[in-house]
Amino acid sequence: MSTAIYPGSFDPVTYGHIDIIKRASTIFDKVIVAVLDNPRKKALFLVPERVKMLEEVTKDIPNVEIDSFSGLLIDYARSKDVNIAVRGLRAMTDFDYELHMAQTNFLISGGKLETVFLTTDLAYSYLCSSTVREIASFNGDVSQSVPESVAKLLKSKYGY
Ligand code: PNS
């Protein structure tokens with residue numbers, strides 16, 4: 001059985017992430033979407049909130065599991081006995097960072113953890129969680145970027 005991990009911050013999950021999850025779920029038998037619990041990065045949503053959000057927006061995809069992890073991705077992947085990570089590539093601006101991360105993970109895993117890139121659907125190539133947060137913080141319309149359930153949570157986070 002082929003399993004892949006899709007790691008990320010998902011703060012919050014966007015239609016771009018959901019598109020990658022859906023497409024990965026047609027390629028692999030199982031996809032584990034893993035939210036990084038990073039104490040060094042101040043997030044808007046707590047990890048359990050992000051996990052719940054992801055569970056809600058992926059509830060109709062049977063071969064997707066939501067989890068969280070802390071520490072190195074290679075250690076988490078090893079603990080799950082998985083050797084494929086999936087990442088989305090939106091544009092060249094993502095490339096340097098993603099290439100560096102993929103090569104580092106390959107190196108420090110002793111050649112075990114491969115990264116598979118899916119190119120983002122053009123419709124979502126402009127999307128990123130930080131812009132969504134910024135728009136939502138000024139009570140702007142994020143309905144083109146995130147599902148309604150996420151938009152509602154953003155509104156209440158920012159007190160609207
Ligand atoms: O959604 P993001 O913030 O771009 O996701 C980045 C993520 C979570 C995939 C990456 O930061 C990560 O895997 N962090 C865990 C720590 C780690 O393994 N670092 C070494 C890779 S360079």
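Position 1 is the first residue of the sequence, and the numbers go up from there. Each ligand, and each atom within it, is numbered from 1 in the order the structure gives.
- The backbone N or O of L46 lies less than 3.5 Å from a partner atom in the side chain of E49, making a donor-acceptor pair.
- By the ring-ring contact (aromatic ring centres under 6.0 Å, His included) test, F10 pairs with Y6, H17, sequence neighbours left out.
- Residue pairs meeting the salt bridge (Lys or Arg N to Asp or Glu O under 4.0 Å) criterion with at least one partner in residues 123-138, sequence neighbours excluded, are D11-R133.
- Considering only residues two or more places apart in sequence or on other chains, K152 meets the salt bridge (charged side-chain N to carboxylate O under 4.0 Å, His left out) condition with E148.
- Between L154 and V146, the closest side-chain pair of non-hydrogen atoms falls below 4.5 Å.
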Protein N/O near ligand 1 N/O, under 3.5 Å, which pairs?
residue	atom	partner	partner atom	Å
ligand 1	1 (O)	S9	N	2.9
ligand 1	3 (O)	S9	OG	2.6
ligand 1	4 (O)	R87	NH2	2.9
ligand 1	5 (O)	R87	NH1	3.3
ligand 1	18 (O)	L73	N	2.8

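- Here D67 pairs with K80 in a salt bridge; the nearest charged N to carboxylate O distance falls below 4.0 Å.
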